[in-house]
Amino acid sequence: MLTTRFVDGAPCWIDVTAPDPEGAASFYRALFGWSYRPAGPEGGGYGFLERAGRIVAGCGPIGGDQDPATWTVYFRSSDADATADAVRTARGSVQAPPVTVGEQGRSAVLADQMGAAFGVWQPGRREGLDSAGEAGSLCWAELYTPDIARAAAFYHAVLGWETSAVSFPGGVYTTLSPQGTGEEGAFGGMVPLADDPVEAAENRPHWLPYIGAEDPDAVAARAAELGGRVRMPPTSVPGVGRLARLEDPYGARFAVLRGDPRET
């Protein structure tokens with residue numbers, strides 16, 4: 001379960017990059033009611049998206065060789081440099097090497113063997129998000145990959161994750177948990193890219209963050225009105241809940257969910 005009691009390997013931060021961060025912030029303000037707070041003159045255009053005064057995500061400009069716009073999921077690490085080294089050893093890649101963010105912590109953007117990008121955060125003063133696992137904040141994270149077994153081995157070597165097979169109507173779902181937390185610690189899952197027509201259309205391995213929503217249908221309709229795109233319309237999945245996959249006006253992908261993904 002996603003909480004703000006962060007342990008190593010658990011999701012602890014998400015952020016979205018866009019060519020127009022203020023425009024992106026306006027979209028998410030209208031969609032989720034998030035407010036935007038700039039990090040300040042030394043933030044390089046980065047800022048914080050907040051709900052009821054609590055940080056739920058970051059927002060910043062596109063940098064380096066990054067995709068036009070993207071959501072990135074960050075996982076807690078007690079040593080970002082060691083994690084980057086482990087990624088290299090496991091034949092992944094380092095897209096942005098570890099860097100110190102003031103006194104807040106240390107971060108890096110990495111990629112697995114199949115090219116799915118993710119971040120790591122080594123906490124300093126900031127442990128991570130102020131809100132998680134509830135409506136209006138990160139509640140699940142999903143990896144779309146061409147090879148479940150290979151991805152599971154990679155992330156176990158790099159972040160110590162454990163996997164579990166959960167049966168549900170229509171098949172088996174592979175859940176992810178930080179080492180030693182068991183199924184109760186599940187924060188996300190892995191989906192075979194080829195088995196999902198929505199994600200397989202572009203054949204690009206990637207992480208997809210889910211934001212909790214009390215009414216996914218209303219959020220999807222509103223996203224379209226605001227210039228976003230509904231990639232998968234609101235759908236009910238037995239034992240899971242109701243979800244929709246969306247895209248903001250700049251192309252960054254995310255999903256919304258009402259329900260508990262661990263329910264069976």
Visitor: Between Y36 and E22, do the side chains contain a donor N or O and an acceptor N or O under 3.5 Å apart?
Guide: no
Visitor: What's the spacing between Y144 OH and D195 CG if we round to 0.5 Å?
Guide: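 Reported value, rounded in 0.5 Å steps: 11.0 Å.
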Visitor: Quick one: list whatever passes side-chain hydrogen bond (donor to acceptor under 3.5 Å, both in side chains) with S236, sequence neighbours left out.
Guide: R242
Visitor: With side-chain contact (heavy atoms from CB on, under 4.5 Å) as the test, would you mind laying out the steps for W71 and V73 before giving the verdict?
Guide: CA-CA 7 Å; W71 274 97; V73 181; over 6 Å; no
Visitor: For W121, which residues count as a side-chain hydrogen bond (donor to acceptor under 3.5 Å, both in side chains) partner, sequence neighbours excluded?
Guide: none
Visitor: Taking it one step at a time, do V56 and L138 satisfy side-chain contact (heavy atoms from CB on, under 4.5 Å)?
Guide: CA-CA 7 Å; V56 294; L138 178 69; over 6 Å; no
Visitor: Hey, could you give me the CG/OH distance between L257 and Y210, rounded to the nearest 0.5 Å?
Guide: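 Separation between the atoms: 7.0 Å.
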Visitor: According to a 4.5 Å side-chain heavy-atom criterion applied to Ile, Leu, Val, Met, Phe, Trp and Tyr, with indirect links allowed, do M190 and Y74 form part of one hydrophobic cluster?
Guide: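 Yes; tracing contacts between hydrophobic side chains, which count when under 4.5 Å, links both residues.
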Visitor: Partners of D147 by salt bridge (Lys or Arg N to Asp or Glu O under 4.0 Å), sequence neighbours excluded?
Guide: none
Visitor: Look at the side chain of E103 and the backbone N and O of G124, then say whether any donor-acceptor pair between them is shorter than 3.5 Å.
Guide: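 No, E103 side chain to G124 backbone: no donor-acceptor pair under 3.5 Å.
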Visitor: Apply salt bridge (Lys or Arg N to Asp or Glu O under 4.0 Å) to E162 and list each qualifying residue two or more places apart in sequence or on a separate chain.
Guide: none
Visitor: Would you name the heavy atoms of V87 and A111 that are closest together and state the gap between them?
Guide: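 Distance-wise, the nearest heavy atoms are CG1-O, 3.7 Å.
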Visitor: Among L31, I14, V16, find the one that has a side-chain contact (heavy atoms from CB on, under 4.5 Å) with F254.
Guide: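 Answer to the side-chain contact (heavy atoms from CB on, under 4.5 Å) test with F254 among L31, I14, V16: L31.
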Visitor: Tell me whether E225 at atom CD has more than 12 heavy atoms from other residues, nucleotides or ligands lying less than 6.0 Å away.
Guide: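 Yes, enclosed.
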Visitor: Is the shortest side-chain heavy-atom distance between P205 and P146 below 4.5 Å?
Guide: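 With C-beta onward as the side chain, the pair touches.
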Visitor: Can you get from Y250 to I62 by hopping between Ile, Leu, Val, Met, Phe, Trp and Tyr side chains that sit under 4.5 Å apart?
Guide: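 Per the 4.5 Å side-chain linkage, Y250 and I62 are not co-clustered.
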Visitor: Could I get the full list of ring pair (Phe, Tyr, Trp, His ring centres under 6.0 Å) partners for F32, not counting sequence neighbours?
Guide: W34
Visitor: What residue pairs, at least two apart or across chains, pass side-chain hydrogen bond (donor to acceptor under 3.5 Å, both in side chains) with a residue in residues 87-98?
Guide: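 Every pair satisfying side-chain hydrogen bond (donor to acceptor under 3.5 Å, both in side chains) with a residue in residues 87-98: D85-R88.
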Visitor: Taking salt bridge (Lys or Arg N to Asp or Glu O under 4.0 Å) as the definition, give me every residue that meets it alongside D81, ordered by chain and number, with sequence neighbours left out.
Guide: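 Residues passing salt bridge (Lys or Arg N to Asp or Glu O under 4.0 Å) with D81: R106.
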Visitor: For the atom pair CZ (F75) and CG (L176), what is the distance rounded to the nearest 0.5 Å?
Guide: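 Here the rounded value is 8.0 Å.
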Visitor: Give the minimum heavy-atom separation between G185 and S177, together with the two atoms involved.
Guide: C-OG, 3.8 Å
Visitor: Could you check V237 against L243 for side-chain contact (heavy atoms from CB on, under 4.5 Å), going step by step and ending with a plain yes or no?
Guide: CA-CA 8 Å; V237 180; L243 57 91; 4.1 Å; yes
Visitor: Excluding sequence neighbours, so at least two apart, what forms salt bridge (Lys or Arg N to Asp or Glu O under 4.0 Å) with D196?
Guide: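 D196 satisfies salt bridge (Lys or Arg N to Asp or Glu O under 4.0 Å) with R245 only.
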Visitor: For T4, enumerate each residue passing the side-chain hydrogen bond (donor to acceptor under 3.5 Å, both in side chains) test, keeping only those at least two apart in sequence or located in another chain.
Guide: none
Visitor: Drop me the distance from W207's CH2 to T145's OG1, to the nearest 0.5 angstrom.
Guide: 9.5 Å
Visitor: Going through the distances and angles, do E199 and M232 end up as a side-chain contact (heavy atoms from CB on, under 4.5 Å)?
Guide: CA-CA 9 Å; E199 304 301 330; M232 186 186 82; over 6 Å; no
Visitor: Would you check if the side chain of T100 reaches a backbone N or O of G102 as a donor-acceptor pair within less than 3.5 Å?
Guide: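 Flag not set: sc T100 to bb G102 has no pair under 3.5 Å.
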Visitor: Can you tell me how far OG of S35 sits from CD1 of I55, rounded to the nearest 0.5 angstrom?
Guide: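 That separation rounds to 10.0 Å.
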Visitor: Hey, could you give me the CG/OG distance between L2 and S131, rounded to the nearest 0.5 Å?
Guide: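 Result: 10.5 Å between the selected atoms.
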Visitor: Quick one: list whatever passes side-chain hydrogen bond (donor to acceptor under 3.5 Å, both in side chains) with D130, sequence neighbours left out.
Guide: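 side-chain hydrogen bond (donor to acceptor under 3.5 Å, both in side chains) check on D130 returns R126.
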Visitor: Kindly give the heavy-atom pair with the smallest separation between A18 and A24, and that separation in Å.
Guide: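 For A18 and A24, the tightest heavy-atom pair comes out as CB-CB, 3.8 Å.
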Visitor: Any heavy-atom pair between the side chains of L143 and D112 that's under 4.5 Å?
Guide: yes
Visitor: Could you tell me whether a side-chain N or O of W161 sits under 3.5 Å from a main-chain N or O of A152, the two making a donor and an acceptor?
Guide: no
Visitor: Please list, chain by chain and in numerical order, all residues satisfying ring pair (Phe, Tyr, Trp, His ring centres under 6.0 Å) with F118, sequence neighbours excluded.
Guide: Y155
Visitor: What class does the angle between the rings of W13 and Y46 fall in, given that below 30° is parallel, 30 to 60° is tilted and above 60° is perpendicular?
Guide: parallel
Visitor: Going by salt bridge (Lys or Arg N to Asp or Glu O under 4.0 Å), name the pairs with one or both residues in residues 51-63, residues two or more places apart or in two chains.
Guide: R54-E134
